[in-house]
Amino acid sequence: MDDASQRAHQAWIHAERIRRLSDRVVSLGPLGLGLDGVLAWIPGANVAYAVGAGGLLLYCAVQAGAGPATLARMGIYLAADSALSSVPVAGWAVDTFFPGHLLAAKALQRDIEKRHGKPAQDLPKGWGRWSPSFGRGRMRNVTPGA
C-alpha cells in the first residue's frame, strides 16, 4: 500500500472516531446524541467543540487529499453546525440533533473509499456507542459479542 492510501485510510479512521464521538455516542433508531449535542447547551463550550471537531475533520480531509467538492460539502455542514451552536436556546435545541460532524465525516469517508477503497483496519462495530442497560439502571458499553 502506498503512502497516500495509508494516510487516507488513517484519515478515514479518525473521521469515524470523530463522527461517533460527536453525534452517535447514544443512538435511538435514526436519532443519535453525542458530545456535540450535549455541549450545545453550555454556552461557549458548544461553539468551541463544534469548531474544534470540525477543524480536525477538515485537517483529516486535507491529509487524505480529499477533492475540492468534498472539502466544500464538509465546510457547509460544519459551518451550519457551528452557526447553530452560536444561537441561544432555539439554536442549541436544533443543534442537539443536527448531525453536522456525522455528515461531514461521511462525505470524507465516501471520498476516501472512492479513491482508495475502504480501510482494512476498521473500528469495532459498537465502538463509542452506549445503550441503556434496562433493568440495571446504568449505562453499558455495547461491544461486538457482548
Side-chain angles (χ1 to χ4, degrees), residues 1-87 90-133 138-146:
M1 181 185 314
D2 66 356
D3 194 41
S5 289
Q6 190 172 8
R7 271 196 321 273
H9 288 158
Q10 195 62 38
W12 191 99
I13 292 168
H14 289 309
E16 182 69 11
R17 288 181 176 146
I18 294 168
R19 175 178 83 98
R20 291 184 184 185
L21 185 62
S22 292
D23 294 313
R24 288 290 186 259
V25 173
V26 176
S27 290
L28 280 162
L31 296 177
L33 184 65
L35 278 181
D36 189 37
V38 172
L39 293 176
W41 296 93
I42 303 171
N46 55 1
V47 175
Y49 181 81
V51 171
L56 283 173
L57 280 170
L58 289 172
Y59 176 77
C60 288
V62 169
Q63 290 297 309
T70 299
L71 289 170
R73 188 176 315 117
M74 289 175 68
I76 290 168
Y77 294 141
L78 296 170
D81 191 62
S82 297
L84 287 171
S85 295
S86 64
V87 178
W92 302 342
V94 172
D95 187 34
T96 299
F97 293 106
F98 176 70
H101 296 103
L102 180 141
L103 294 170
K106 281 186 174 181
L108 173 57
Q109 289 173 325
R110 280 191 301 269
D111 183 88
I112 292 169
E113 288 172 11
K114 186 169 51 173
R115 291 180 300 113
H116 301 283
K118 194 169 182 177
Q121 174 192 3
D122 196 4
L123 297 171
K125 189 167 179 71
W127 183 90
R129 290 196 180 184
W130 291 82
S131 99
S133 176
R138 61 187 172 95
M139 301 298 274
R140 65 181 177 84
N141 192 5
V142 177
T143 56

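We're numbering straight along the sequence, starting at 1. In this text, all values refer to a predicted model and were calculated from it rather than measured experimentally.
Distance check: Arg110 CZ to Trp12 CH2 gives 12.0 Å after rounding to the nearest 0.5 Å. Cys60 contributes atom SG, which lies 10.0 Å from atom CD of Gln109 (distance to the nearest 0.5 angstrom). With values rounded to the nearest 0.5 angstrom, Leu58 atom CG is found 12.0 Å from Gln63 atom CD. Between the CD1 atom in Ile18 and the CG atom in Asp36 there is a gap of 12.0 Å [rounded to 0.5 Å]. Taken from CZ in Arg7 to NE2 in His116, the straight-line distance is 8.5 Å, to the nearest 0.5 Å. Taking CG of Asp81 as the start and CG of Leu102 as the end, the distance is 10.5 Å to the nearest 0.5 Å.
For Ala48, there are no side-chain contact (heavy atoms from CB on, under 4.5 Å) partners at least two apart in sequence or on another chain. In this structure, the side-chain contact (heavy atoms from CB on, under 4.5 Å) partners of Ala105, at least two apart in sequence or on a different chain, are Ala15, Arg19, Leu57. Every side-chain hydrogen bond (donor to acceptor under 3.5 Å, both in side chains) that Asp95 has, sequence neighbours left out, goes to Ser85. Remark: Thr70 pairs with Asp111 by the side-chain hydrogen bond (donor to acceptor under 3.5 Å, both in side chains) rule, at least two apart or across chains. Taking the side-chain contact (heavy atoms from CB on, under 4.5 Å) definition, one finds that Ala72 meets it with nothing, sequence neighbours left out. Listed by chain and number, the residues in a side-chain contact (heavy atoms from CB on, under 4.5 Å) with Ala61 are Ala66, Leu71, Met74, Leu108 (sequence neighbours excluded).
The shortest side-chain heavy-atom distance between Pro43 and Trp92 falls under the 4.5 Å cut-off. No side-chain heavy atom of Asp2 sits under 4.5 Å from any side-chain heavy atom of Gln6. Contact check for Asn46 versus Trp41: no side-chain heavy atoms found under the 4.5 Å cut-off. Leu35 has its side chain out of reach of Ser22: every pair of non-hydrogen atoms, C-beta onward, lies at least 4.5 Å apart. Side-chain contact check for Arg17 versus His14: some heavy-atom pair is nearer than 4.5 Å. By the 4.5 Å heavy-atom criterion applied to side chains, Phe98 and Leu103 are counted as neighbours.
Side chain of Arg115 to main chain of Ala64: a donor-acceptor pair is present (N/O by atom type, distance under 3.5 Å, no hydrogens or angles). Here the side chain of His101 pairs no donor or acceptor atom with the backbone of Ala53 at under 3.5 angstrom. With hydrogens and angles ignored, the 3.5 Å screen pairs a side-chain donor or acceptor of His9 with a backbone N or O of Gly117.
Of all the heavy atoms in Tyr77 and Ala107, the pair that sits closest is CE1-CB, 4.5 Å. Considering every non-hydrogen atom in both Thr96 and Ala40, the closest pair reads OG1-CB, 4.1 Å.
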